**Q** 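One structure follows; several queries about it will come next.
The figures that follow rest on heavy atoms only: side chains count, while hydrogens, waters and symmetry mates do not. Note that the structure is a prediction, hence the values are computed from the model and not measured. Chain letters run A, B, ... following the sequence lines, proteins first and then strands; every chain starts at 1.
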Number of protein chains: 2
Amino acid sequence: MPEKPKLEDVAKLAGVSPTTVSRVLNNRGAISERTRRNVNNAIQQLNYHPNEIARSLFGSKTHFIGLIFPSTGHPFFGELIFQIENILSEKHYKVLICNTMDQTEKERSYLDMLLSNQVDGMIVGAHNIGIDIYQRAKLPIVAIDRKMSETITVVSSDNYQGGRMAAEELLRQGRSKIIHVNSIRQKEAPSSYLRRKGYEDVMTEHGLPFKTYEIESPFDPEVKKQILSSLLDQDPTIDGMFLSDDLTAAIALSMIRKRNRDIQIVGYDGTEMVTTCLPELTTIVQPIRAMAQLAVDLLLKEINNEFDGIKKNYILPVTLRRGT
Amino acid sequence: MPEKPKLEDVAKLAGVSPTTVSRVLNNRGAISERTRRNVNNAIQQLNYHPNEIARSLFGSKTHFIGLIFPSTGHPFFGELIFQIENILSEKHYKVLICNTMDQTEKERSYLDMLLSNQVDGMIVGAHNIGIDIYQRAKLPIVAIDRKMSETITVVSSDNYQGGRMAAEELLRQGRSKIIHVNSIRQKEAPSSYLRRKGYEDVMTEHGLPFKTYEIESPFDPEVKKQILSSLLDQDPTIDGMFLSDDLTAAIALSMIRKRNRDIQIVGYDGTEMVTTCLPELTTIVQPIRAMAQLAVDLLLKEINNEFDGIKKNYILPVTLRRGT
DNA sequence: GTGAAAGCGCTAACAG
DNA sequence: CTGTTAGCGCTTTCAC
């Protein structure tokens with residue numbers, strides 16, 4: 001069995017120079033039809049695949065894009081990543097995936113890894129390490145849902161409006177003792193803060209009291225369960241809850257059912273997954289597909305130096321999906 | 001702003017040769033403590049990151065692993081990919097992700113892409129294109145849940161037993177008019193076939209009739225809904241259903257509730273996601289974490305030529321999780 | 001302990 | 001239209 005064929009092997013078999021093969025491969029320069037056929041035949045025969053690593057080394061582009069997210073397993077990130085990868089692959093970019101699990105050390109080493117692998121850019125949805133570290137990378141970066149610095153583009157959905165819509169929906173359903181559970185996944189996460197602010201503002205505007213609880217370990221469902229459980233048991237007057245993500249909302253929902261309480265809930269994210277599993281859940285839907293598209297567009301523009309504007313902050317509208 | 005520093009820049013700054021820097025980087029050969037310090041300082045100062053692309057070009061290993069799956073967005077694959085990436089990253093492998101969406105053309109071009117990028121191996125959970133194409137790759141490959149050929153290692157969970165367990169559970173719940181809905185995602189998929197066989201065997205053994213329905217477009221929930229809907233309406237005597245994945249089971253569950261039918265259902269996969277969203281769903285749990293671990297272990301063994309056995313087919317046990 | 005030189009597989013001048 | 005040559009950033013013989 002022969003080793004991996006190289007361009008030179010193709011050249012020999014086709015009886016031409018390496019340059020010619022390269023030209024056929026890249027459709028550059030003028031090639032006679034005959035030569036082209038010969039070369040293509042040789043390529044077929046040898047089952048030759050150009051070594052992208054070598055190509056990358058030469059040029060300055062690898063067509064690698066790094067994706068840094070807390071977890072591919074989470075439905076929101078999973079679907080976002082799915083969309084991003086789809087769009088990128090159409091444009092012939094390849095995706096290197098990184099699951100930080102909200103761990104600073106992992107994030108830092110992933111960042112190093114991506115830089116070492118000469119990614120052309122990255123899309124980042126997880127941020128524990130300092131902003132400056134990303135700054136220093138001097139690389140096209142698009143952040144999701146988190147302002148990292150003045151110079152890094154951000155794509156997010158309208159978290160403030162989302163918070164407002166959730167609260168308003170609960171009020172519309174005749175609820176007034178409404179609490180908010182905020183499953184923060186990062187310190188100073190603006191998305192959590194804005195959702196909360198939206199909710200609190202609406203409550204205030206209606207002259208109602210508000211109460212926000214924060215859950216700090218979003219990856220452990222047991223912790224969530226305990227907190228939600230004691231929450232519910234402590235206060236029998238609660239009649240509405242706004243949960244900052246659907247997974248937490250799902251847990252709350254099943255607890256409420258088990259306790260036979262009359263509490264209306266609103267979740268957040270509106271992934272297809274949750275929509276399928278829990279069609280009865282009312283939730284604020286993030287425009288995942290649009291966020292992916294925009295993030296990719298902006299990133300590729302930065303990569304290709306096509307700044308068509310100075311705008312750095314993109315906020316996409318959210319919608320309310322009423323449970324069935 | 002300086003360009004990306006290269007090894008040569010470090011060498012200059014440290015007043016040594018490139019060779020020496022390389023040695024420091026790789027901990028190879030003998031280096032004086034002083035030189036090592038100088039070099040390390042220079043590396044720090046320049047914020048130097050060795051170019052992995054160049055390294056890969058030289059050596060024959062890239063430490064890239066390609067993952068080919070139908071969709072990162074699907075909870076089963078999303079969680080499996082999450083686990084696989086985690087384990088691989090600990091071993092300093094990097095993951096290139098591919099979403100085929102069950103499209104032959106995408107799968108083929110992803111395979112080409114991975115080969116061109118000199119991946120050291122791949123883990124494949126999607127298979128529409130011919131086996132021979134993977135064979136030709138002459139690369140360490142581990143397949144998930146699908147026998148691809150005599151020479152490609154397969155990791156799967158015990159689909160036959162899973163099918164049996166599902167049927168037995170329904171019988172145990174006093175059901176007898178039990179149907180099976182099989183959401184096949186690929187032709188001749190052995191996992192679907194085995195689950196079905198397990199169910200049918202149990203029914204036969206109990207002298208009961210069985211009926212299996214197949215849904216062919218697993219990515220469109222609307223299609224599923226229509227089929228399930230007409231299924232339920234056609235036959236009012238059904239009292240048990242075995243659905244071959246949890247997402248389909250979730251749809252069935254909400255339909256059954258809406259119709260107020262007394263039908264017990266059993267799903268398949270048992271992802272954390274679905275467990276959280278639908279704790280009441282009884283399901284057959286695949287050992288995702290163990291499958292990921294085994295697949296990675298086997299792949300790395302193949303990559304490092306450490307065949308410790310000739311076994312090619314690994315079947316991990318599934319468990320039943322009763323809904324709460 | 002350290003350095004000079006060759007080469008990994010490919011592409012892009014520059015010739016012809 | 002096609003080939004020769006140099007070099008992308010790194011590692012590794014082989015010398016000193």
**Q** Could you check how far CD of B:E33 sits from P of C:dG1, rounded to whole Å?
**A** 11 Å
**Q** Can you tell me how far the CD atom of A:Q286 sits from the CD1 atom of A:I144, to the nearest 0.5 Å?
**A** 9.5 Å
**Q** Is there a side-chain contact between A:T20 and the phosphate of D:dT2, meaning an N or O under 4.0 Å from OP1 or OP2?
**A** no
**Q** Taking only N and O in the side chain of B:N51, is any of them less than 4.0 Å away from OP1 or OP2 of D:dC8?
**A** no
**Q** Does a side-chain N or O of A:R28 approach OP1 or OP2 of C:dA12 to a distance below 4.0 Å, or not?
**A** yes
**Q** Find the distance B:K12:NZ to C:dG3:P and express it as a whole number of Å.
**A** 14 Å
**Q** Please tell me if A:Y48 has a side-chain N or O lying less than 4.0 Å from either OP1 or OP2 of C:dC10.
**A** yes
**Q** Record whether the side chain of A:S17 comes under 3.5 Å of the base of D:dT4 through a donor-acceptor pair of N or O atoms.
**A** no
**Q** Which residue lies toward the 5' end of DNA chain C, A:R23 or B:T35, if each is placed at its nearest nucleotide?
**A** B:T35
**Q** Would you please indicate if the ring centroids of A:Y110 and A:F69 are separated by under 6.0 Å?
**A** no
**Q** To the side chain of A:A54, which of C:dG3, C:dG9, D:dT11 is closest?
**A** C:dG9
**Q** Indicate, with a heavy-atom threshold strictly under 4.0 Å, whether B:S60 touches base, sugar-phosphate, or nothing.
**A** nothing
**Q** Just the rounded figure in Å: distance from P of C:dC8 to NZ of A:K4.
**A** 15 Å
**Q** Is any side-chain nitrogen or oxygen of A:R55 closer than 4.0 Å to OP1 or OP2 of C:dT11?
**A** yes
**Q** Is there a side-chain polar atom (N or O) of A:T19 under 4.0 Å from OP1 or OP2 of C:dA12?
**A** no
**Q** Under 4.0 Å between any heavy atoms, over every strand shown, what does A:S56 touch: base, sugar-phosphate, or nothing? Just pick one.
**A** nothing
**Q** Choose from C:dC10, D:dG3, D:dC1 the nucleotide whose nearest atom is closest to any side-chain atom of A:A30.
**A** D:dC1
**Q** Atom CG of B:N99 and atom CD1 of B:I97: how far apart are they, to the nearest 0.5 Å?
**A** 6.5 Å
**Q** Between D:dC8 atom P and A:L7 atom CG, what is the distance in whole Å?
**A** 19 Å
**Q** Would you mind reading off the distance between A:H49 atom NE2 and C:dG9 atom P, rounded to a whole angstrom?
**A** 16 Å
**Q** Does any donor-acceptor pair link the side chain of B:R34 with the base of C:dG1 at a separation under 3.5 Å?
**A** no
**Q** Charged N to carboxylate O below 4.0 Å: is that the case for A:R37 and A:E33?
**A** no
**Q** Donor-acceptor pair, distance only, cut-off 3.5 Å: does the side chain of A:K94 make one with the backbone of A:T62?
**A** yes
**Q** Is a donor-acceptor pair below 3.5 Å formed from side chain B:R36 to base C:dG1, judging by atom type as modelled?
**A** no
**Q** Got a donor-acceptor pair under 3.5 Å from the side chain of A:S22 to the base of C:dA12?
**A** no
**Q** Base, sugar-phosphate or nothing for A:S32? Non-hydrogen atoms, less than 4.0 Å.
**A** sugar-phosphate
**Q** Check the distance between C:dT2's C1' and B:N38's CG and give it to me in whole angstrom.
**A** 13 Å
**Q** Measuring from A:T271:OG1 to A:F77:CZ, what's the distance to the nearest 0.5 Å?
**A** 11.5 Å
**Q** Tell me the interatomic distance from A:F58, atom CZ, to D:dC10, atom C1', rounded to whole angstroms.
**A** 16 Å
**Q** To the nearest Å, give me how far apart CD (A:Q118) and C1' (D:dG9) are.
**A** 9 Å
